[in-house]
Amino acid sequence: MIDPRRFDSVLSKIIKSEPGIRKIILVDRTGLTIAHVSKFSYVSVDVDGIGAIASAVFMASAEQGSNLTIGGLDIVTSEFDTGKIFASACGRGILTIISDAEVNIGMIRLLMRKANEELSSILDEFLAGQPSRTFSGIDSKAPEVRTGLEKDELEAALRELEKF
Amino acid sequence: MRKDAEGRHRFKIVFYGPSLCGKTTTLSWLYHKVDGLEKGKFTQLADPHGRTLFFDFAPMQATTGVVFDVYTTAGQERHKHQRKIVIQGVDGILFVVDSSSDQLQENIASFEELTTHLGEDLGTTIPLVIALNKRDVEAALPRSELIERLKLSNYPIYETVATTGIGIKRAFQSLAREILMIQLYGTKTSQNS
Ligand SMILES: Nc1nc2c(ncn2[C@@H]2O[C@H](COP(=O)(O)OP(=O)(O)O)[C@@H](O)[C@H]2O)c(=O)[nH]1
Ligand SMILES: [Mg+2]
């Protein structure tokens with residue numbers, strides 16, 4: 001498995017490159033938050049919940065476009081009183097940028113395109129071996145052999161389940 | 001099963017079933033009343049009347065390395081596209097049946113839709129546990145009739161009352177156990193309980 005810190009370094013680079021960006025979240029297409037960086041980390045937010053909605057919003061828009069036969073989805077933009085949210089396809093994931101309201105949209109688009117190039121292959125590697133039901137239909141291969149550590153963790157969870 | 005950037009195993013569980021069968025109530029009870037699972041925030045995308053528009057979501061941590069991401073679907077017919085999105089990448093399904101006698105057709109339709117989405121994986125590589133909910137209502141159909149009409153005899157079945165929590169914990173434990181067992185040993189462990 002690849003080192004997840006590689007996501008952080010790419011996301012940190014993006015967030016530093018544009019002053020209007022407050023937060024960046026990378027999610028997969030099933031709602032799972034993979035990585036996130038924030039400029040104001042003292043504001044505690046519920047990243048898992050935000051990631052789940054970010055993924056769902058993008059997937060819902062893509063579905064809408066497909067139902068209306070208007071093609072593939074590039075970017076979803078949401079404008080709020082004091083901020084904007086941009087979500088764009090990023091390989092097998094979705095990149096979500098939360099910014100100030102007056103951010104330069106052209107710059108965001110450019111950043112998202114660059115991030116896509118950089119993150120797609122890391123994401124592919126990261127998600128390799130993880131189920132890809134979303135994209136390739138049914139993926140029912142038997143679970144790969146677990147490493148000792150993984151097995152211990154899953155067995156610990158199994159024991160924990162009996163307790164509550 | 002997926003892993004997040006912190007290396008935790010993440011399993012996606014979806015509560016599926018017809019509109020108003022008790023999916024949100026079931027998740028809410030688990031979230032608020034069951035100790036022993038550490039929970040993240042409860043996210044609800046609902047209309048002003050509390051009816052689910054897209055999904056409810058709550059991550060529940062069994063151990064530091066294993067998290068169950070639990071979702072409910074929106075049951076109304078017009079939300080079928082949302083349901084398709086919510087079950088992407090699902091690792092296990094709790095199908096919630098509304099035992100009320102006037103809901104039989106709705107249960108059947110919902111179960112058929114679920115079967116269409118997941119095909120042969122349902123109940124094999126993606127474990128399925130049944131919650132026969134609203135066992136307390138006066139017009140509840142007999143358990144045997146529900147099992148027969150919905151063709152549920154091959155799955156673990158729990159009778160539940162989501163409003164008071166009866167059966168909920170055991171149904172959830174059973175599903176979570178099945179999911180972990182498949183990951184560990186690649187086998188289906190339990191039959192009808
Ligand atoms: N009598 C009874 N009512 C229930 C039960 N479970 C849910 N309800 C009620 O059914 C209604 C719909 O429940 P909800 O959880 O919102 O359904 P959902 O559409 O599946 O999410 C609410 O008024 C609940 O209080 C149950 O086991 N027994
Ligand atoms: Mg609901």
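Since the model is a prediction, treat every value here as computed from it, not as a measurement. Note: hydrogens, waters and symmetry copies are ignored here, and every other heavy atom, side chains too, is used.
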Contact listing (chain A partner; residues 96-105 of chain B; heavy atom under 4.5 Å): none
Is there a chain of hydrophobic side chains (I, L, V, M, F, W, Y, each step under 4.5 Å between heavy atoms) that links V161(B) to V129(B)? no
Are V76(A) and F80(A) connected in the hydrophobic side-chain network, where two residues link if heavy atoms are under 4.5 Å apart? yes
Starting from the C-alpha separation in whole Å, work towards a yes-or-no answer on side-chain contact (heavy atoms from CB on, under 4.5 Å) for V90(B) and T30(A). CA-CA 8 Å; V90(B) 67; T30(A) 74; over 6 Å; no
Treat each ILVMFWY residue as a node, draw an edge where side-chain heavy atoms are under 4.5 Å apart, and state whether I166(B) and I157(B) are in one component. no
Check whether more than 12 heavy atoms from other residues, nucleotides or ligands sit under 6.0 Å from atom CD of E148(B), and answer yes or no. no
Test: salt bridge (charged side-chain N to carboxylate O under 4.0 Å, His left out). Region: residues 98-123 of chain A. Which pairs qualify, not counting sequence neighbours? K13(A)-E118(A), R22(A)-D100(A), D74(A)-R109(A)
Do you know the tightest heavy-atom contact between T33(A) and D4(B)? O-CB, 3.8 Å
Measuring heavy-atom distances to chain B, does I53(A) have an atom under 4.5 Å in its side chain, in its backbone, in both, or in neither? both
Check whether any side-chain heavy atom of I85(B) lies under 4.5 Å from a side-chain heavy atom of F58(A), and answer yes or no. no
Roughly how far, to the nearest 0.5 Å, is CD of Q88(B) from CE of M59(A)? 5.0 Å
Between D35(B) and chain A, with a heavy-atom cut-off of 4.5 Å, which part of the residue counts as in contact: side chain, backbone, both or neither? backbone
Within one Ile-Leu-Val-Met-Phe-Trp-Tyr cluster: L114(B) and L20(B), side-chain cutoff 4.5 Å: no
Region of K12(B) that comes under 4.5 Å of a non-hydrogen atom in chain A: side chain
Among Q61(B), E120(B), R10(B), single out the residue with the greatest number of heavy-atom pairs under 4.5 Å to chain A. R10(B)
When rounded to the nearest 0.5 angstrom, what is the spacing between CG in L127(A) and CZ in R2(B)? 9.0 Å
Separation between CG (L180(B)) and CD (E160(A)), nearest 0.5 Å, reads 11.5 Å
Which value, rounded to the nearest 0.5 Å, describes the distance between I50(A) atom CD1 and T43(B) atom OG1? 8.5 Å
Ignoring hydrogens and angles, tell me if any N or O in the side chain of Q173(B) forms a donor-acceptor pair with the backbone of L161(A) under 3.5 Å. yes
Is the shortest distance from a Lys or Arg side-chain nitrogen in E153(A) or R8(B) to a carboxylate oxygen in the other one below 4.0 Å? no
Does G36(B) offer a backbone N or O that forms a donor-acceptor pair with the side chain of K163(A) under 3.5 Å? no
Residues K41(B) and D48(A) bridged, charged N to O under 4.0 Å: no
Chain A heavy atoms under 4.5 Å from L45(B): which part of the residue, side chain, backbone, both or neither? side chain
Measuring from atom CG of D46(A) to atom CZ of F42(B), what distance do you get when rounded to the nearest 0.5 angstrom? 12.0 Å
So which pairs with a foot in residues 63-73 of chain A pass side-chain hydrogen bond (donor to acceptor under 3.5 Å, both in side chains), sequence neighbours left out? E63(A)-H81(B), E63(A)-K84(B), N67(A)-H81(B)
Among V66(B), V67(B), V86(B), single out the residue with the greatest number of heavy-atom pairs under 4.5 Å to chain A. V66(B)
CG of L154(A) to OH of Y185(B), rounded to nearest 0.5 Å, is 9.0 Å
Hydrophobic cluster membership, M107(A) vs V10(A), 4.5 Å side-chain cutoff: yes
Residues 46-59 of chain B vs chain A, non-hydrogen distance cutoff under 4.5 Å, contacting residues -> F54(B), F55(B), F57(B), P59(B)
